[in-house]
Amino acid sequence: MTLKAILFDVDGTLAETERDGHRLAFNRAFEEAGLDWNWSVPLYGELLTVTGGKERMLFYAQNYRSTEPVPSKETIAHLHQQKNKYYQELLEEGNLPLRPGVMRLIQEALDNDLILAIATTTTPANATTLVKTSLNLDWFKLIAAGDIVPKKKPAPDIYDYTLEQLNLRPEECIAVEDSGNGIKSAIAANLKTIITINDYTKHEDFSKGNIVSSDLGEPDRPCEIYTDKYKDFKYIDLNLIQTIMDS
Ligand code: XBP
Ligand code: MG
C-alpha cells in the first residue's frame, strides 16, 4: 500500500521532552506550590509508565505519598496548568531541540506531498508550542492531543481519532513512536510503527515494531537500526518506509 501519511508522537519522539522538559517543569510547579515533591531522573522514568501529566501526578500521590492526603482534582489541575506554562517557556527558549532526522524526514515527506499529523497524549498547547517553535504549524494537517479522546495511550483512541479525522485507513499511514505505551496504542489502531528509542524507553518491549532504531538518523550521522532485516540502512527515509509498508 502506498504511504499517504506519517503520524508523529511528540514526547520523546520529536524531541527529548521528558527528562529536561516536562520533568523540570513539574518540579518547578511543585516547588511553587510549596510541595516537597521532586521528581529525579530515575523516579520520572518509573512515573512515565503512566501517560498524561494529571494522571501521572495522581498516580504519584496515591502510590509514592500514600500516607499523605491525595491532592484534590482542582489542585492537580492547577499544578498541571503551571507545569505546562513552565514547559512551554522551556520550548520557547529553545531548550528542547528536535531529535536527529526529524526535520529531514518531515522535509522529505512535505516534498513528496505526504500528509503529516500529530497523535499525542500531551496537552494540545504543549504540542502546538513544540511544532510552532521547532517546525511549522502549517505543515501538519492535524494535531490530535490530550483529553480530546476519552482514553490516553496505550489505548488506541488518539490514533483512531487521527485516522478518522484524516479520513485515512491504517494501511495508508505509519506511526513514529518512542515508548511502550505509544507502540501499544499504534498497534491497537492497526498501524505499522517506526520506533526511535531513548534512554527512558530502551528497555521496553518493541518486538512488534516494524523497525526499531536509535533515532531517525542523518546521511552524515547514521542511526543504529536494531531490526535485523534493515540493519544495514544508515537512516530512515521515505524509501525505507515504503519498503516497510510493502513488507
Ligand atoms: C507523553 C506523555 C505526556 C507528557 C506530559 O506520552 O505521557 O503525559 O509526559 O504531558 P506520549 P501532559 O509521548 O506517548 O504521547 O502533562 O500535557 O499531559
Ligand atoms: Mg512518546
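This is a predicted model, so every value here is computed, not measured. For ligands, and for the atoms within them, numbers begin at 1 and follow the listed sequence.
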| query | Does an N or O anywhere in D11 fall below 3.5 Å from an N or O of ligand 1? | reply | yes
| message | What protein heavy atom lies closest to atom 18 (O) of ligand 1? Include the residue and the distance to one decimal. | response | G53 N, 2.7 Å
| Should you measure from each heavy atom of D9, which atoms of ligand 1 turn up under 4.0 Å away? | 11 (P), 13 (O), 14 (O), 15 (O)
| note | for atom 8 (O) of ligand 1, nearest protein heavy atom and its distance come out as G52 N, 2.7 Å
| task | Give the numbers and elements of all ligand 1 atoms closer than 4.0 Å to a heavy atom of T122. | result | 5 (C), 10 (O), 12 (P), 17 (O)
| message | Is a donor from one side chain sitting under 3.5 angstrom from an acceptor on the other, for S207 and D205? | response | yes
| task | Tell me, please: is F8 in heavy-atom contact with ligand 1, that is, under 4.0 Å? | result | no
| Quiz item: cation-pi between K85 and Y87, 6.0 Å / 45° | no
| Is the closest heavy-atom distance from V10 to ligand 1 below 4.0 Å? | no
| Any nitrogen or oxygen of K152, main chain or side chain, under 3.5 Å from a nitrogen or oxygen of ligand 1? | no
| field | Partner of K152 by side chain to side chain donor-acceptor pair (under 3.5 Å), out of D147, T120, D157 | value | D147
| field | Per-atom contacts of ligand 1 with T51, taking only distances under 4.0 Å to non-hydrogen atoms | value | 7 (O), 8 (O)
| said: So for G182, does at least one of its heavy atoms come nearer than 4.0 angstrom to any atom of ligand 1? | reply: no
| Just distances here: any N/O of N126 and N/O of ligand 1 closer than 3.5 Å? | yes
| message | Tell me the protein heavy atom at minimum distance from atom 3 (C) of ligand 1, and give that distance in Å. | response | T121 OG1, 3.5 Å
| query | atom 17 (O) of ligand 1: which protein heavy atom is closest, and how many Å away? | reply | T123 OG1, 2.6 Å
| query | Quick one: does R104's side chain have a donor or acceptor within less than 3.5 Å of a partner on I236's backbone? | reply | yes
| Sub-4.0 Å atoms of ligand 1 with respect to non-hydrogen atoms of Y44 | 9 (O)
| F30 ring center near W39 ring center (under 6.0 Å) | yes
| query | Of the options T13, L216, T17, T196, which is the one that meets R99 in a side chain to side chain contact (heavy atoms under 4.5 Å, CB included)? | reply | T196
| message | What's the separation between atom CD in E172 and atom CG in L166, rounded to the nearest 0.5 Å? | response | 10.0 Å
| query | Nearest protein heavy-atom contact for atom 16 (O) of ligand 1: which residue, which atom, what distance? | reply | K83 NZ, 2.6 Å
| query | So, Y44 versus E18: side-chain donor-acceptor pair below 3.5 Å or not? | reply | yes
| query | Of all heavy-atom pairs between S185 and I158, which one has the smallest distance, and what is that distance? | reply | OG-CG2, 4.2 Å
| Heteroatom of D178 nearest to the Mg ion (ligand 2) (N, O or S, atom name) | OD1
| query | When rounded to the nearest 0.5 angstrom, what distance separates CE in M57 from CZ in F59? | reply | 14.0 Å
| Has ligand 1 got any nitrogen or oxygen that is less than 3.5 angstrom from a nitrogen or oxygen of E177? | no
| query | Does ligand 1 have an atom that lies less than 4.0 angstrom from a heavy atom of N181? | reply | no
| request: Identify which of R23, H22, R56 has a heavy atom lying nearest to atom 9 (O) of ligand 1. | output: R56
| task | Ignoring hydrogens and angles, tell me if any N or O in the side chain of T51 forms a donor-acceptor pair with the backbone of K153 under 3.5 Å. | result | yes
| task | Could you tell me if any non-hydrogen atom of K54 lies under 4.0 Å from any atom of ligand 1? | result | no
| task | Could you confirm whether D11 has any N/O/S atom lying under 2.8 Å from the Mg ion (ligand 2)? | result | yes
| field | Interatomic distance, T193 atom OG1 to I187 atom CD1 [nearest 0.5 angstrom] | value | 5.0 Å
| field | Ion pair check, E68 and R65, cut-off under 4.0 Å | value | yes
| task | State the atom name: nearest N, O or S atom of D9 to the Mg ion (ligand 2). | result | OD2
| Test item: E177 side-chain N/O and D9 main-chain N/O as donor-acceptor pair under 3.5 Å | no
| message | Show me which atoms of ligand 1 lie under 4.0 Å from any heavy atom of H80. | response | 12 (P), 16 (O), 17 (O), 18 (O)
